[in-house]
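Below is one structure; the comments refer to it alone.
Only a predicted model underlies this, so the values are computations on that prediction, with no experimental measurement involved.
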Amino acid sequence: MDGGEEFVPPPECPVFEPSWEEFADPLGYIAKIRPIAEKSGICKIRPPPDWQPPFAVEVDNFRFTPRIQRLNELEAETRVKLNYLDRIAKFWEIQASSLKIPNIERRSLDLFSLAKIVTDEGGFEAVCKERRWARVAQKLGYPPGKNIGSLLRSHYERIVYPFELFQSGASLPVQCLTIYHYCLKTFTCSALSKSSIHLQYFTYKNPELKKLQIYGAGPKMMGLGLVDSFVCRMCGRGDEDEKLLLCDGCEDNYHTFCLIPPLSDPPKGNWRCPKCVAEECKKPTEAFGFEQATREYTLQSFGEMADTFKADYFNMPVHMVPTELVEREFWRLVSSIEEDVTVEYGADIHSKEFGSGFPVNNGKRHLSDEEEEYARSGWNLNVMPVLEQSVLCHINADISGMKVPWLYVGMVFSAFCWHIEDHWSYSINYLHWGEPKTWYGVPSSSALKLEAVMKKLTPELFEFQPDLLHQLVTIMNPNILMSHGVPVVRTNQCAGEFVITFPRAYHSGFNQGYNFAEAVNFCTADWLPTGRSCIEHYRWLRRYCVFSHEELTCKMAACPEKLDLNLAAATHREMFIIVQEERKLRKSLLERGIKEAEREAFELLPDDERQCDKCKTTCFLSALACSNCQERLVCLYHSQDLCSCPSEKLYLRYRYTLDELLAMLHRLKVRAESFDSWANRVKEALEQEEGNKIDIKDLEVLKGEAADKKFPNNELLQRLNTVLADIHKCESSSTELLGNSQSRRMSLEELRTLVNTTQNLPCVMKQLEEVQAVLQKIEEFDARAQALVDSTKGEWKQDSPLPAAAEIQALLEEGASLPVVAPACELLSGLQEQGRWLGEVRRTLGPEGSEVTLDVLRNLMESGCNVPQSVSVETAMAELQELLTIAERWEEKAQICLEDSRQKHHLSTLEAIVNEAQLIPVQLPNILSLQACLSRARAWVTDLEEIQNGEHYPCLDDLEGLVAIGRDLPVNMEELKQLELQVASAHSWREKASKTFLKKNSQHSLLEVLCPCVEKSKKREENSLGTEEDSDVNLLGLTAQDLRDPGAIVMAFKEGETQSDSMETDNSDMCVCNGPPRPLLHRCHLCKDWFHGGCVPFPALLGSLETNLTKPLCWWDWNTRFLCPRCQRSRRPRLETILALLVALQKLPVRLPEGEALQCLTERAINWQGRAKQALDTPEVQRALERLQQVEEEMSSIKEEEPEEKNKWNGNTVIVLSDSEETEDGVIDLTEDVNSPKKSEEKLLQSFTDLPDMSNQAVFNHFSPIGCCLLSGVESLLSLVPCLKGPVIDLTTSTRAQLEELQLEGDLLEVMLDQTHSIYRILQAASQPPHDALHTLIQVREESLRPSDLYCRGSKSKDSRRKRKSQKTESEAKSTEATECKKTKSTDPHTGTHWSQAHILFVTIKCL
């Protein structure tokens, strides 16, 4: 195959997979598949999956030496090319020239193909003359148009042409000297041959030779030998010595220009003349064969080497290399001259020596039960050759490779070449494990064609080795064979598979990788004629035999009773031919006069002592020997080739006489013909007709005879056994049928089969008539039942009558009593089931039926599928399916309406869906749910109308409940959107009111703040401060329903007012921290509880900046009124802000409890404000106010008259520092003035924070003068306290009581009113100065104005001040309300001016 062509895999061979029953008889199964498999030459057998014999080789002790295979030497055509290259290279080498193969078009020039094509085209001269070098290039596969023909001519003329001339003999020298001597002896020049003409020419050209010409005999010829040594062997001249070449072999001389072809330059090195070259090249070459490797392997070391080689070659893991790739690469390598790949193959390893891969029961080791089973198996290759049906079991010797298996350890590319088995026997190969083995096979019918093709394509190989194909050393590409008409098949044998080759079937192949296989030969009865033909072929090839075919046949004929019947018949046919041939050969000896004979036991002689000297055949029946030539003998086919001695010296050596052979033949015939007699009797017994039937005992006798005479398991015996089995089966079935003892009632068809089988049996059956009567009874019943079934066929309707249940039940009971199952019983049962199901459908869908659900319909449909089908059932099923489909469609529509919250449908749409769905006579859960939703929607609309049409606006809680219900309904209602807007507006108003009243993080609800502060509420706050606040329902003592009634809320509010007005104020509770009393305690003005200075924020002493500067001695204007966080629960907005909230409330169509409470609070505040104005407008109070104004003016005039140095304390500046982070809503901060104390304090604190690198002590030292001034200002106030005297004005007891009552009531209001401060100022001026309270407040302020505290507050950032809002300790948690008050704004009750609660610092600045 040309290297550029792709390998095309041949078709696959047959593959067989026997069952366990077939697998039990190996040779029988092979004989069964032989007609099919023999046509392909090879076949593959896959055993049953569970047949997996254990690998029995002792791996550690298994050592072998493989063969070396060079792949490109295996292929026949490649080897011819390599042999040609060897000869031409040798030709040039012995002439002192080295052969360098040229490259053309990047590939080496194929010199063998070039020489062959040129020869086929007529030779070098013809190709050059007719200019056919381009055609030569085209045949070599080179592309046209590149002037390759000229290159080929040049290379051919330089390299190949001299070798071709040499092979043709044209380059050999003419024996001129011999001719010259002949001419001297005859003294004539006439009648010279062509050689003598050349001699004349040479002598004419050579003057030296011309001088030596002598025409007579004498001693003058003495000097001629000396001349011969210095003349050219071609031209006979001795001139031009510089051109003479001396042969290093024979020392002859040749001119360089006389050589053919002539040499331009003398060669370098040793040079041989054409005669020596011819002698060297004509030496016979050694027969090709494989050499053994030098290394010994174990299975593990060989496997490592093989896997490494394959992985490195294909550059991938071995298990990932495709078999197709390996196959293409193998045929490419064997066809390549350039690539030399060498592999190793552990072939023909004797299992006798190394152990078989199958378990063998040879006593060397104990076998397990599983191994024992495989050791006895006929597929065990150690067992198969010696099976009873095998011919080889009659050979006593253990023939290695034939009777004893051989082992094969392969690696990738290791190959076995084209060959047929010895004696053309069968072979079987089992692959124990490893990668696949690829096989190629040719059927025996094409064996001669394969041999002819190989001889035609490679005649050079067969010239020296005629039996080349028997050497297993030559392979040829299957594609080449197929192109010449040879059919080839292939297969990949995987682990656990068998490959069988048939007689004279050529086969070859290679291994895909590392594997382990085992093979052996076997011969069956059909092989005997093939074996005899093989001996004749061996005789023609003069090839040695492995065993004597005649000896094997005679040994089987000697004991015919031990032979298998098929084998006996085949042996008889084979023995008959052998006896006839032997009689013919011995008769020819008698005709030659050879009468002497002696008996010889050839089987006792070694094979080499009984081989024919001519054809190498092993003799057994007879041989011809000579008394003079004792060491030689020949077979009778070559009696003429023994020796030349007279006939009297020749004698016949024989094993059996002709009579003995005939007796053996007769015994074989009797053994073979005994079967024929038995077969005739069996055929006669089995073919008896009605009226001539025999008894059962006669058939059993024939069966016993077959067993006694060991007849083979043939078709006739199988038929006899089948008939007997049928007889026994019919007897048993009839007995059970008639005796009602059946384990299972038979069907009508089985009964008919029983009757027919019984009637067809070749013997008499007594129970036949009774069985026929039973059959007739069953058929009559079946006809009646079938008639009833046919009468019920028709279309089903709701009002159609159902089949008569009683009649059906009666027939079923009658059928159950029969000994045979009638087919109509099944129809009756189906009809009964149909009636029940149709009745159930009618009851379900009828008017008297109960409520139908989807599950009921589905169950009916499911049960209807299990009922035997009929027109009625199909009609009912169709109606049910239609009803179910409609119901499911409405269910799906209702489910979409219920679950689709994004697109709700209007009430009218849903009502239409429900009304239409109610027309379906099926209860639909989703429709019912949708109907319930519609009922709730209607109720929701009714509730909404009742609320909206009520006496009052609806309560917010009621509207929220309606909104929640409406949102859950899958109905689109326009009223819901309006309600949602109203609820959102109400929540917005409540949130705005909460921001107006509630402090940040307040624990009180809005309703709680708006309600009166009663004693009960106060106690509850004390007990649950810091815990979960009470609900608004419990606040006024009202239920949730009462909160929806405005009158109830107003009445509760009035009661709360009454309780708050009469609230006892003589309490003496301690501070919010519940700590023990300690100095600096201050008392709440309203609840009279005591509080620590650091727990709650105390009021600023001086209310306004002007008072501090102009009227420092007006102590009644000092702010000593303190309301604790429990009493001042809200921000206390101004009345104007509350009125704005009430205006917004009036616009809401919703009632809120907070709104009612706010209205009550506003009404109470306005009422109090009116009474407070009346009290302040009384003459007595007006006189008191005028008196206060007069006192303040007097003190101002005294201040102006005093020296400036004495009044410098009045120039103290008041600085307000705000701790709050932002101005609260609705609060006006008057400390934003540039000259305000707050701005001054901020500047002072900023000066502290601008010194980040200074320590606390350094800051204190830096600001110590300022700190001293701050502290001296506070101390100056402290010195003023003892000087304060009062009362300044006088009030009557009734007026005082009235004002005190108004003051108490105003403090209870959560509203900021200006009259509150005015009343407090008058009451203060009418009382003694509160020295203790003033002293406490000044000391608390003095503590807060320490330099360290000042620095700490000034250095803290805004973020750190925010962190003070959250307290961690439990005591701080209890005072959360009080701590929060530090962040809220305080209010001047007189002026209504708002500012942040801050530390009031008095800074005394001395005027220079």
Side-chain angles (χ1 to χ4, degrees), residues 953-960 982-1014 1016-1018 1020-1021 1024-1040 1042-1046 1048-1057 1060 1123 1125-1166 1224-1227 1308-1313 1376-1377 1380-1381 1383-1385 1387:
Y953 280 139
C955 185
L956 178 61
D957 293 341
D958 295 338
L959 293 184
E960 287 178 340
Q982 293 176 6
V983 171
S985 301
H987 282 289
S988 176
W989 184 90
R990 178 185 285 174
E991 183 178 357
K992 186 175 181 181
S994 298
K995 289 183 179 180
T996 302
F997 278 92
L998 297 182
K999 301 176 183 179
K1000 285 187 176 181
N1001 302 325
S1002 175
Q1003 295 181 352
H1004 303 287
S1005 66
L1006 177 62
L1007 184 61
E1008 186 178 2
V1009 169
L1010 295 177
C1011 291
C1013 180
V1014 297
K1016 178 181 65 174
S1017 177
K1018 177 178 179 296
R1020 184 172 63 249
E1021 288 180 2
S1024 60
L1025 187 62
T1027 62
E1028 184 179 0
E1029 58 179 309
D1030 291 338
S1031 64
D1032 295 338
V1033 177
N1034 297 326
L1035 179 66
L1036 300 175
L1038 299 177
T1039 63
D1042 293 337
L1043 289 177
R1044 295 179 174 84
D1045 184 8
I1049 296 176
V1050 172
M1051 292 298 297
F1053 195 92
K1054 296 300 182 181
E1055 294 178 0
E1057 288 182 3
S1060 64
L1123 295 180
R1126 296 169 180 167
C1127 296
Q1128 187 175 347
R1129 298 172 295 166
S1130 68
R1131 291 181 175 181
R1132 297 201 173 187
R1134 297 184 61 81
L1135 185 61
E1136 294 81 357
T1137 305
I1138 296 175
L1139 292 176
L1141 287 174
L1142 288 177
V1143 172
L1145 179 65
Q1146 295 299 324
K1147 298 179 181 180
L1148 294 177
V1150 183
R1151 286 191 302 107
L1152 291 89
E1154 293 85 356
E1156 305 294 339
L1158 183 62
Q1159 289 180 359
C1160 294
L1161 176 63
T1162 306
E1163 181 182 352
R1164 182 183 178 190
I1166 293 173
E1224 311 224 353
D1225 297 340
V1227 179
L1308 290 173
L1309 291 174
E1310 294 294 337
V1311 183
M1312 181 181 296
L1313 299 173
T1376 305
E1377 182 75 25
E1380 180 60 30
C1381 293
K1383 282 57 173 195
T1384 60
K1385 308 293 177 70
T1387 307

| field | Validation row: Thr996, Arg1131 side chains within 4.5 angstrom (heavy atoms) | value | no
| Side-chain heavy atoms of Glu1154 within contact of Trp989, under 4.5 Å | yes
| remark: Only residue of Leu1148, Leu956, Leu1007 satisfying side chain to side chain contact (heavy atoms under 4.5 Å, CB included) with Arg990 is Leu956
| Distance, nearest 0.5 Å, that separates CG of Leu1010 from CZ of Arg1164 | 12.0 Å
| said: I'd like to check Leu1141 versus Phe997 (side-chain heavy atoms, cut-off strictly below 4.5 Å). Are they in contact? | reply: yes
| remark: d(Gln1003 CD, Arg1129 CZ) to nearest 0.5 Å is 13.0 Å
| query | Hey, does Leu1123 have a side-chain heavy atom less than 4.5 Å from the side chain of Arg1132? | reply | yes
| If you measure from CG on Leu1142 to NZ on Lys1147, what distance do you get to the nearest 0.5 Å? | 12.5 Å
| message | For the residue pair Gln982 / His987, report whether a side-chain donor-acceptor contact shorter than 3.5 Å exists. | response | no
| note | CG of Leu1139 to CG of Leu1145, rounded to nearest 0.5 Å, is 12.0 Å
| field | Sub-4.5 Å side-chain heavy-atom contact between Leu1158 and Leu1006 | value | no
| field | For Ala1165 against Leu1135, the heavy-atom pair lying closest together | value | CB-CD1, 4.3 Å
| query | Of the non-hydrogen atoms in Pro1149 and Pro954, which two are nearest, and what is the gap between them? | reply | O-CD, 3.4 Å
| Between OG1 on residue Thr1137 and NZ on residue Lys992, distance to nearest 0.5 Å | 9.5 Å
| query | Which heavy atom of Glu1310 sits nearest a heavy atom of Ser1130, and at what distance? | reply | OE1-OG, 2.6 Å
| Would Val983 and Val1150 satisfy side-chain contact (heavy atoms from CB on, under 4.5 Å), going step by step from the backbone distance to the final call? | CA-CA 8 Å; Val983 171; Val1150 183; over 6 Å; no
| said: I need the minimum non-hydrogen distance between Gln1159 and Gln1146, along with the two atoms involved. | reply: NE2-NE2, 3.2 Å
| request: Kindly compute the distance separating SG (Cys1011) from CD (Glu1156), expressed to the nearest 0.5 Å. | output: 11.5 Å
